[in-house]
Structure formats: structure tokens, C-alpha cells
Amino acid sequence: MRTSQMLIPTLREVPADAEIESHKLLLRAGMITKLVSGIYSFLPLGYRILMKIEQIIREEMARSEAQELVMSALRPAEGYQSSGRWDVFGPEMFKLKDRHGRDFCLGPTHEEIFAEVAKSTIKSYKSLPMILYQIQTKYRDERRPRFGLMRSREFVMKDAYSFGKDANDLDISYKSMYDAYCRIFDRQGLDYMVVDADTGAMGGSGSQEFMVKSYAGEDVIAYCEKCGYAANSEKAECLLDNEDDIISSESLYKPMEKISTPGMKTVEEATQFLNCDAKDLVKTLLYKADDKIVAALVRGDRELNETKLRNYLGCTELQMADAETVSEITGADVGFAGPVGLDIDLILDLEVAHMKNFVVGANETGYHLINVNINRDFKASAIRDIRTIAEGDICPQCRGSIKVDRGIEVGHIFKLGTKYSEAAGCAYIDENGKEQYMVMGSYGIGVTRLVAAIVEQNNDENGIVWPLSVAPYHVAVVPINTAEGPQMDTAQRIYNELLDAGVEAILDDRKERPGVRFKDLDLIGIPIRITVGRKVSDDIVEYKCRKTGKVVELSSTQAIEKVKKQIL
RNA sequence: CGGGAUGUAGCGCAGCUUGGUAGCGCACUUGCUUCGGGAGCAAGGGGUCGCAGGUUCAAAUCCUGUCAUCCCGACCA
């Protein structure tokens, strides 16, 4: 294609509402445009990238014997109602009614729908295990869409579902998808990590996430370089620092005292005032779990892990109690809550359970208690690991040192079990003629998010640097002076020969100064540029690599050969 | 959903304090000169100043409401 005829609306200035690099660059390079918050259109160049990514996914899914199909994004409510997720998703789901008042939604994910299809089409154990997938647009009314394609309300997802006879079948499918995902992300040139993850609202027995390492990522991953352990920080288990030290000896208990701490609401203020360390204080956090109020206690310098707390409580909704509730329960302003004399469930972090003579709020505005001790001064309802792992913590696998980084979740695989097949009545007939529920797995890839993730990892000060495998075009042929016959003729000939050889080439014939065209081609990230300039009279052209910036002078034939070698 | 910020031409912004009927840069159109890393000169086109009320002789500017967008948090496969 000739660029003079192409829609490449590049922007010199960065749109004001873009924050992260991928969002800025995709907008500037004319790959996407925003319709409303969280909904984007893909312009021709951006769409080519999306299709390249999809194609890689299709090839690797096929290699793992997964079969593609496609369903409507518009779904009747029933499927989601029988699994309970109509309510679990709640306002996250785009819901609508047809003219008869019947409930519909735009599908946020399709576990129950695939279970229904499997129920009606797969009858015998002889067909199992089987993997079905689709690449389809999904809708989630995110509370806060952000970062362009990173968290949008409409996005393309590859969602695959495996159906098996038993846990063994599930393991086989799971492994097969795991391997396919590695091949897919490898081919897309990504630096990624596979981490253990929480199953969240999906349910099931286990799951792993494929995380692309990036400071722009929304997830925090904890990993150990020594043994290779890696987990989402929501999931990463926290061990006690020193197991020997935890034998508590009551003889060391000091008498509890109430101290006046006027206005010292935060951990920082209180510890400074009392001249102690955050490690000597215990935070008492009040949470509303469905309709019950509970208190979660963690050390002053730690973060509570809400996922862990939620999993322990088994509740659907979990949020911090508002100031009004806090004062009602504790009888004090926010900042002075403590476990002593508090008549609600107290869930203690493991670490807290082994502390001695610590500081807590006194449940009285302006007062803290010091030298507080468990059992003597209050009783725990439960002792659990409920804090978030931090850099330098102990690796739960090898007791090495944990590192913490940010990542973009591009893939997530789940061992679901029979949750959805039971809800849908999805059963098969086994060897003995008996009905059994199918054992399911679900495997997602955020296709549009991948576009952003690839840009996050592949850009420089001049723009995007697409890996060859997903670049919208492989080569741009640029005649410096489009008005000069010999330059144009040679450029045209090279372009034609590349096309004939099956190379995806564009001819930059725009009536712009060379600098403008160079800047644009760098911005949109075409991997190879062949420049036809003055030396055309000696049949010399330039071959430039976008990634390295290296330029070599070659004859036109050599340049064509070099391209073919790179690409085909 | 809580906190903060911003809405003026396709993009980036000024003007608003102190009301007087809209401006700059980029982009776009035309012409000339240029032509190897976002050219110069000249002449043009494009805006109900987010929307709705109100105050006023007069509102981009002041007041009220509303909507949208972004950021932080909460939340989330």
C-alpha cells in the first residue's frame, strides 16, 4: 500500500488524557481513537496489529488441538443467573432488556455459556477431553477504566474452555494451554512471568497468571530468584520471619497501660508520639463483610491483604467500614480502634499472633493502649495469614528473599472443576453408562491488552518498536525525493519485488519532507526501512533497522534479499 | 463509589482574577521558495467557549445545577 492513500493520523503532540507510554504512543501513532471512556476504535494500522496477535494465538491454539468457534456477545440472563454470577458481577455487567422486558447482558466472560454448549453437544466420554475457544469482544462496565487499552470496558479476549472426564483430563488440558500460552507470548517477543494467582470470583482449585513485566502494570508480583517461586501478591503466602522466636513467654508480659495520644490517628503519628516503631504497633482495621462487621489486625508497618481476608471470610462484598460505623462499633473516632474490649470477630495476622507488649488503639478518642498481649488482654477469633507480602520477605518455598515487581496480566488460566458444569447440568456418559459432570478449565488472553503490553515493553524516545511478528507492516520503502524519477522508479521496483516475495511492505510516497516521513515511520514502529536517495544512480540504497538504528548501504538487490532473509 | 483536577478549532494550550462578543502553536487548504530527521514566507478555512438555567444593557469570564474526561484510592478474570 502507498502511504499517500493510507489512514495514518499521527499526532505530534501527546493527547492530554493519556498517562502511560502505550496509551500515548498508540494514540500518537494513529492506531486507536477513543470513543468514550474505556472504549476505543482500532484504525487501520492498529487493527492490523490486533489481527497479527490474533493470528499467532490461532496458530498456537490449533497446535494444542483447541477448536475455534464464535458466539454472540449479547447474552440472555439465564446462563449467568443459574451460576449466580448475574449478581456476583453486579453493576460490572452491561445489562439491558429487549422489547419484551427480558433481561440480557453483554458477555463479560463465558464459562457458563460454554458449559451450556458442551452440555447440548458433547454426550460421551469418547469425545473428552476437548478444548473450545473463541476470540471475541467482551464487555465489562469497569468502575474505573484507565490507561487506554490496559483496562477498557470493551476489549477483545481469547477465551478457551476445556472439558474433561476427570481431574486427570483437566491436568492434561491445563498443561497443553499453559504450553500454548508460552509459545504465544514468546512469539510476541514479550518478557513475561507465570505466577500463582487467586481464583477470585471465578472459583476453582488453582490458577496461574501470565504477567508481562512493566512498571505500568496494575498487578504486583512477588518472586524469588533463588527457587523460581512467583505469585501474585494477592496470593503470595507470608511466612513468619523467625519461627524460633515465637515461643511466647508470659513472664515477659508488661502491665497494660492507657496513654493519652491526642489527635494521633495514623500509625506514623502514634508511633512518633509514643517513640516506638511501626513494628511495635498493631493496626485494627474494621471491615464490612457482606452484612457483618469484623476487625482485621496486622502489624503497623504491614498492608492488609483484602483478597486473603475475603477468602477466609467467604464473603462476596468486603469493604472498609465507614467512619460512622467505626465510631459506632468502637466508641471512638477513626484511628483509635483496638482489639481490647471489642465485641466483634477479631482476625489476627499470623505475625500479630506472635507479638508481645504491643500498641493498639484504646477504642477511645485520643488514647492508645501499650503493652497489650493476646489472650491476657483479648482473644482472637482466628489467626490467619492476612497480610500482603513485601520486598525482602521470606520466600514461602525456599525461605530465600522475595522481590516485588509490577506486571500486566495478559493471560490467566484456571482449573475450574465442576462449578459451572454443575450449574449448567453439563454432564457426559462415562464408560459405565453413568452420568458425570464434566471437569472444566478456563483460559483467557487479553488480546487488546496485549497490544498495550507489547508497546509498553517495546518503545523508545522515537516511538513504538514493534517486534517483527506483530508489526503492522514489515518494511517501509522511502524515496527521499518523490519528484525524482530514478528514486521513485527504484523505490517502486523494490516495493513491488518485496510484495511479490510475500513481504508486507508499504511505499512512503507522501509529498512530505523526508524528516517528517522518517519521524512518522519511527513513531508507528515499522521494523525495517529502505531509503532510496541520491546514491540511487549507483544502485545504492539504505537499509535501516528500527530497533537498533543501524544503517547499512546495499545494492537494491542485496537489500531485497536481506529483507527476505529477515522475514521469510 | 470517596478524594482531586480539567472541559475554549482535529491536537496542545492562553484568555476567566478585574464581564465588552475569542486568540496562539501544531495540523488542514492554496501559492512560491525549499527538500537526508517534524522547513520558510504569504494568503486562507475551521469554534453555539461541555450542556442547562440564572445575574447583567452585555457572560468563555460571575452564580447554581448538570454532564463528560483524566489522576489517586477503593474495586476487578
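The chains referred to below are lettered A, B, ... by the order of the sequence lines, with proteins before strands, and numbering in each begins at 1.
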Is a donor-acceptor contact shorter than 3.5 angstrom present between the side chain of [X] and the base of [N]?
X      : N     : answer
A:D520 : B:G38 : yes
A:D522 : B:G37 : yes
A:E512 : B:G38 : no
A:R12  : B:G10 : no
A:R146 : B:C71 : no
A:R28  : B:G10 : no
A:K535 : B:G36 : no

For a quick check of understanding: with a heavy-atom distance under 4.0 Å over all strands, which category does [X] fall into, base, sugar-phosphate or nothing?
X      : result
A:R144 : base
A:S37  : sugar-phosphate
A:E542 : base
A:N481 : nothing
A:F147 : sugar-phosphate
A:P9   : nothing

Separation of the [atom1] atoms in [N] and [M], to the nearest angstrom:
N     : M     : atom1 : result
B:A42 : B:A27 : P     : 15 Å
B:G50 : B:U8  : C1'   : 10 Å
B:U61 : B:G54 : C1'   : 15 Å
B:C49 : B:G7  : P     : 15 Å
B:G53 : B:G15 : C1'   : 25 Å

For B:G36, does OP1 or OP2 lie under 4.0 Å from any side-chain N or O of A:K544?
no
Given [options], which nucleotide is nearest the side-chain atoms of [X]?
X      : options             : value
A:R534 : B:C70, B:G36, B:C11 : B:G36
A:P514 : B:G36, B:C72, B:C11 : B:G36
A:E13  : B:U69, B:G25, B:U34 : B:G25
A:P15  : B:G12, B:C72, B:C70 : B:G12
A:E92  : B:U69, B:C76, B:G12 : B:C76
A:E19  : B:U69, B:C71, B:G38 : B:C71
A:A16  : B:C76, B:C11, B:G12 : B:G12

Scan every strand shown for a Watson-Crick or G-U wobble partner of [N], both distances under 3.5 Å, and answer none if you come up empty.
N     : result
B:A68 : B:U6
B:U29 : B:A43
B:U34 : none
B:U56 : none
B:G73 : B:C1
B:U48 : none
B:G19 : none

Show the numbers, then the answer: is there a side-chain contact (heavy atoms from CB on, under 4.5 Å) between A:R146 and A:R144?
CA-CA 6 Å; A:R146 60 180 139 180; A:R144 188 180 163 203; 3.0 Å; yes
Can a donor-acceptor pair be found between the side chains of A:T307 and A:D198 at a distance below 3.5 Å?
no
Please report the distance, rounded to the nearest Å, between [atom1] in [X] and [atom2] in [N].
X      : N     : atom1 : atom2 : answer
A:L11  : B:A27 : CG    : P     : 12 Å
A:I32  : B:C11 : CD1   : C1'   : 15 Å
A:L304 : B:A74 : CG    : C1'   : 13 Å

What class does the angle between the rings of A:F414 and A:H412 fall in, given that below 30° is parallel, 30 to 60° is tilted and above 60° is perpendicular?
parallel
Evaluate A:F210 against A:Y178 for ring pair (Phe, Tyr, Trp, His ring centres under 6.0 Å), listing each step before the verdict.
CA-CA 9 Å; A:F210 288 74; A:Y178 181 105; 5.6 Å; yes
Salt-bridged, [X] to [Y], with N to O below 4.0 Å?
X      : Y      : answer
A:R183 : A:D179 : no
A:K415 : A:D171 : yes
A:R85  : A:E111 : yes

Considering heavy-atom distances to RNA chain B, does A:R310 or A:R529 have its closest nucleotide positioned more toward the 5' end?
A:R529
Using a 4.5 Å cut-off on heavy atoms from C-beta on, say whether the side chain of A:C426 contacts that of A:E116.
no
